[in-house]
Amino acid sequence: MRYWLMKSEPDVYSIDDLARDGSTIWEGVRNYQARNFMRDDMQVGDRVLFYHSNAAPPGVAGVATIHRTAYPDDTAWDPKNHYFDETCPPGEPRWLRVDVAFEAKLPAVVALDALKANPALDGMLVTKRGQRLSVQPVSEAHFAEVLRMAGLAG
DNA sequence: GCCAACGTTGGC
DNA sequence: GCCAACGTTGGC
């Protein structure tokens with residue numbers, strides 16, 4: 001099993017939305033590195049830190065699990081969709097999505113500044129300045145440490 | 001709203 | 001293949 005961090009703007013889709021829906025389609029990823037992680041490495045049952053970006057404060061808000069492995073993101077072909085990619089050839093899926101299921105909402109957001117201040121999380125990608133990747137691998141130790149910070153056993 | 005950091009594009 | 005210009009991300 002692998003561990004991930006996935007970013008969402010809570011104004012667009014928050015951990016509360018995921019709790020309400022039970023699961024969601026994680027579409028709109030338009031970055032090759034993030035896509036490759038989804039395509040090559042994500043497996044059903046992998047666990048995900050659900051991260052609120054562009055939030056006050058930004059930080060980890062919940063836990064989710066991968067519910068379905070990567071499949072074509074057909075929003076790329078929909079001109080009316082926000083994530084439309086006019087350069088994406090019909091019939092050649094370039095972008096992928098996965099399905100993500102709700103696991104838990106953290107009792108409180110583990111804020112980015114708390115992540116950065118924790119030496120046990122040295123090297124965690126999200127704590128690095130300028131790190132914009134919306135789908136990031138997380139080590140098992142870092143994943144467990146974030147849950148511990150949230151007051152959860154894991 | 002600002003702007004630094006980053007990924008992508010396109011001229012050469 | 002270099003790199004300047006551009007658009008986007010995301011913390012602040």
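Chain letters run A, B, ... following the sequence lines, proteins first and then strands; every chain starts at 1.
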(request) Tell me what A:Lys128 touches on the nucleic acid: a base, only sugar-phosphate, or nothing, going by heavy atoms under 4.0 Å. (result) nothing
(request) Only pairs at least two apart or in different chains count here, so list each ring pair (Phe, Tyr, Trp, His ring centres under 6.0 Å) that has a residue in residues 104-139 of chain A. (result) none
(message) Using the salt bridge (Lys or Arg N to Asp or Glu O under 4.0 Å) criterion, which residues pair with A:Asp16? Sequence neighbours excluded.
(response) A:Lys105
(request) Can you run down the side-chain hydrogen bond (donor to acceptor under 3.5 Å, both in side chains) pairs that involve residues 32-41 of chain A, sequence neighbours left out, and say none if there aren't any? (result) A:Asn36-A:Arg39
(request) Please find the earliest and latest nucleotides of DNA chain B, in the 5' to 3' direction, that have an atom within less than 4.0 Å of any heavy atom of chain A. (result) B:dA4 to B:dT8
(message) Assuming nearest nucleotide by heavy-atom distance, tell me which of A:Arg129 and A:Tyr32 is located more 5' along DNA chain B.
(response) A:Arg129
(message) Between A:Asn54 and A:Gly130, which residue's closest nucleotide on DNA chain B lies nearer the 5′ terminus?
(response) A:Asn54
(request) Under 4.5 Å between side-chain heavy atoms, chaining through other members, with only Ile, Leu, Val, Met, Phe, Trp and Tyr counted: pull out the rest of the cluster around A:Leu125, sorted by chain and number. (result) none
Ignoring hydrogens and angles, write down the donor-acceptor pairs under 3.5 Å from the side chains of residues 23-30 of chain A, residues two or more places apart or on other chains.
| from | atom 1 | to | atom 2 | distance (Å) |
| --- | --- | --- | --- | --- |
| A:Glu27 | OE1 | A:Arg97 | NH1 | 3.0 |
| A:Arg30 | NE | A:Tyr83 | O | 3.0 |
| A:Arg30 | NH1 | A:Asp73 | OD2 | 3.0 |
| A:Arg30 | NH2 | A:Thr75 | OG1 | 2.9 |
| A:Arg30 | NH2 | A:Tyr83 | O | 2.9 |

